[in-house]
K.L.:
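Before we start, here is the structure in question, set down as structure tokens.
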Amino acid sequence: MSVQFDDDPRRPEVLAWIASLNPEGELVVRLAMRECFRQCRDDHVFRARIEVLLDELAPDKERLDHFMHEAEKAAAIIRGAHELESRT
């Protein structure tokens, strides 16, 4: 399920934090953000970085499934945090 948040998560400090992660972590976070934020889905550079990471990591099907599962869990956390924030 894709959630459309109005906030743009591509602020410099967020992108710097993502870039500081190991490649596996960066991929998972970017996949989760792509799922939750329209701005990330529509951003050519953001999507291109996901493709670069996939090329670098060259995951087999099992590992790719693992990354996707972790991204789904991270997206659920993002959605939950957004729901909490919108209640306050």
Side-chain angles (χ1 to χ4, degrees):
M1 177 174 109
S2 182
V3 175
Q4 306 276 328
F5 299 148
D6 293 330
D7 298 337
D8 188 343
R10 298 168 299 163
R11 294 186 306 275
E13 65 273 15
V14 173
L15 295 176
W17 172 76
I18 294 169
S20 74
L21 300 172
N22 63 37
E24 293 86 354
E26 181 180 357
L27 177 62
V28 167
V29 169
R30 284 182 178 273
L31 289 170
M33 289 175 68
R34 182 183 69 181
E35 173 67 23
C36 291
F37 297 97
R38 176 190 47 78
Q39 298 91 338
C40 296
R41 272 192 305 281
D42 295 344
D43 185 312
H44 173 73
V45 173
F46 196 90
R47 291 189 333 257
R49 180 62 184 150
I50 291 172
E51 294 304 318
V52 167
L53 288 164
L54 287 169
D55 287 345
E56 286 177 6
L57 295 169
D60 60 18
K61 182 182 177 342
E62 182 178 329
R63 193 165 178 217
L64 180 59
D65 288 347
H66 171 74
F67 290 145
M68 297 305 288
H69 178 72
E70 292 299 310
E72 288 171 14
K73 290 183 350 187
I77 291 168
I78 292 169
R79 286 190 292 270
H82 186 264
E83 286 176 19
L84 283 175
E85 183 179 301
S86 66
R87 289 181 193 163
T88 59

K.L.:
To the nearest 0.5 Å, tell me how far E72 CD sits from E35 CD.
P.N.:
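If I round to the nearest 0.5 Å, the distance is 7.5 Å.
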K.L.:
Quick one: does R47's side chain have a donor or acceptor within less than 3.5 Å of a partner on R41's backbone?
P.N.:
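Here the side-chain-to-backbone pair exists.
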K.L.:
Given side chains that start at C-beta, do those of R63 and D60 come closer than 4.5 Å, heavy atoms only?
P.N.:
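Result yes, sub-4.5 Å side-chain heavy-atom pair found.
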K.L.:
I'd like to know whether R49 forms a side-chain contact (heavy atoms from CB on, under 4.5 Å) with I18, so could you lay out the CA-CA distance, the side-chain angles of the two residues, the decisive distance to 0.1 Å, and finally the verdict.
P.N.:
CA-CA 11 Å; R49 180 62 184 150; I18 294 169; over 6 Å; no
K.L.:
If hydrophobic clusters are built by linking Ile, Leu, Val, Met, Phe, Trp and Tyr wherever their side-chain heavy atoms come under 4.5 Å apart, do L21 and L27 end up in the same one?
P.N.:
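Linked, L21 and L27 end up in one cluster.
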K.L.:
Can you confirm whether R30 sits close enough to C40 that some side-chain heavy atom of one is under 4.5 Å from a side-chain heavy atom of the other?
P.N.:
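R30 does not reach C40 side chain to side chain.
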K.L.:
Atom CG in L31, atom CD in E70: separation rounded to 0.5 Å?
P.N.:
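These two atoms lie 11.0 Å from each other.
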K.L.:
Verify the cluster assignment for V29 and I77: are they in a single hydrophobic cluster under the rule of side-chain heavy atoms below 4.5 Å apart?
P.N.:
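Unlinked, V29 and I77 end up in two clusters.
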K.L.:
Give a yes or no on whether a salt bridge exists between D65 and K61, defined as a side-chain N under 4.0 angstrom from a carboxylate O.
P.N.:
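K61 and D65: salt-bridged.
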K.L.:
Does I78 share a hydrophobic cluster with W17, counting links as ILVMFWY side-chain heavy atoms below 4.5 Å and allowing steps through other members?
P.N.:
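I78 and W17: one cluster.
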K.L.:
Which distance, rounded to the nearest 0.5 Å, do you find between the CZ of R34 and the CG of D42?
P.N.:
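CG of D42 is found 12.0 Å from CZ of R34.
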K.L.:
With rounding to the nearest 0.5 angstrom, report the CZ to CD distance, F46 to E51.
P.N.:
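Nearest 0.5 Å value for the CZ-CD distance: 12.0 Å.
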K.L.:
How about E62: does its CD atom have over 12 heavy atoms from other parts shown lying under 6.0 Å from it?
P.N.:
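Incorrect, the count does not exceed 12.
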K.L.:
When clusters are formed by joining ILVMFWY residues with side-chain heavy atoms under 4.5 Å apart, either directly or through shared neighbours, do V52 and L64 land in the same one?
P.N.:
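Looking at the clustering, L64 is in a separate group from V52.
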